[in-house]
Amino acid sequence: MSDEFDKMDELDEEMEVITMIDDETEEEIEFVVIDRKELNGTEYLLVIESAYIDDDEAEAAILKVVNETEQDITYSVIDDDDEFDAAAALFESDDYDVEY
């Protein structure tokens, strides 16, 4: 997936929103950034589709930043199991449950 980075002024207390474009379907999907962390120089984002932001049982995803320019940021899902487990552990918090 590639993306277009987009910040909306207002969405549930001005949360950061990113718009991803699926390379296969060209469909735009908005995600709200719940949290961001860095590990070994790589930035990871905990996101949830904006359509499900009010659903306490909604599933979140972890994306990693793989390329960043002034115009765009490219995110990727994490394919490596060990990297995913390490990234998921970063987001363990009292504010939300992380299951992986």
Side-chain angles (χ1 to χ4, degrees):
M1 285 186 145
S2 65
D3 78 323
E4 294 176 357
F5 189 72
D6 182 32
K7 288 187 179 181
M8 293 179 62
D9 290 337
E10 294 181 28
L11 179 71
D12 288 353
E13 300 176 22
E14 298 186 23
M15 297 182 96
E16 182 179 358
V17 174
I18 60 173
T19 302
M20 304 278 294
I21 300 173
D22 187 309
D23 288 336
E24 293 176 13
T25 65
E26 298 293 319
E27 177 185 9
E28 289 187 5
I29 306 167
E30 286 187 344
F31 290 92
V32 175
V33 178
I34 304 299
D35 204 352
R36 30 172 92 237
K37 304 281 184 175
E38 188 171 314
L39 177 66
N40 299 327
T42 301
E43 185 176 10
Y44 297 92
L45 283 73
L46 181 66
V47 300
I48 186 168
E49 279 190 59
S50 60
Y52 303 109
I53 191 65
D54 292 326
D55 182 354
D56 291 340
E57 299 298 318
E59 292 187 18
I62 299 174
L63 304 175
K64 73 177 183 177
V65 175
V66 293
N67 188 27
E68 187 171 356
T69 67
E70 287 184 30
Q71 302 288 334
D72 294 316
I73 300 175
T74 303
Y75 302 98
S76 174
V77 294
I78 303 169
D79 293 326
D80 181 80
D81 290 339
D82 292 334
E83 181 183 10
F84 179 83
D85 290 344
L90 291 173
F91 293 105
E92 291 181 357
S93 167
D94 291 337
D95 296 330
Y96 41 79
D97 294 326
V98 176
E99 297 177 17
Y100 55 97

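Keep in mind it's a predicted model, so treat the numbers as computed, not measured.
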Reported OH-to-CD distance for the pair Tyr52 and Glu59, which is rounded to 0.5 angstrom
10.5 Å
Check the surroundings of atom CG in Asp81: do more than 12 heavy atoms from other residues, nucleotides or ligands lie under 6.0 Å from it?
no
Quick check: is Leu45 connected to Val77 through a chain of hydrophobic side chains (ILVMFWY, heavy atoms under 4.5 Å apart)?
yes
With a 4.0 Å cut-off on N to O distance, would you call Glu43 and Arg36 a salt bridge?
yes
How long is the straight-line distance from CD1 of Ile62 back to CZ of Phe91, given to the nearest 0.5 Å?
5.5 Å
In this structure, which one of Glu38, Glu83, Lys64 forms a side chain to side chain donor-acceptor pair (under 3.5 Å) with Tyr44?
Glu83
Rounded distance [0.5 Å steps], CE in Met20 versus OG1 in Thr74
8.5 Å
Could you state the interatomic distance from OG1 (Thr19) to CD (Glu30), rounded to the nearest 0.5 Å?
4.5 Å
Report whether Ile78 and Val66 are members of the same hydrophobic cluster (ILVMFWY, side-chain heavy atoms less than 4.5 Å apart, transitive linking).
no
How long is the span from the OH atom in Tyr75 to the CD atom in Glu68, to the nearest 0.5 Å?
7.0 Å
Side chains of Ile48 and Ile53: closer than 4.5 Å at any heavy-atom pair?
yes
Which of Ile34, Ile29, Val32, Ile18 passes side-chain contact (heavy atoms from CB on, under 4.5 Å) with Val47? Answer is Ile18
Heavy atoms, side chains only, cut-off 4.5 Å: are Ile21 and Glu26 in contact?
yes
Please report the closest heavy-atom contact between Asp82 and Asp80, naming both atoms and the distance.
N-OD2, 3.2 Å
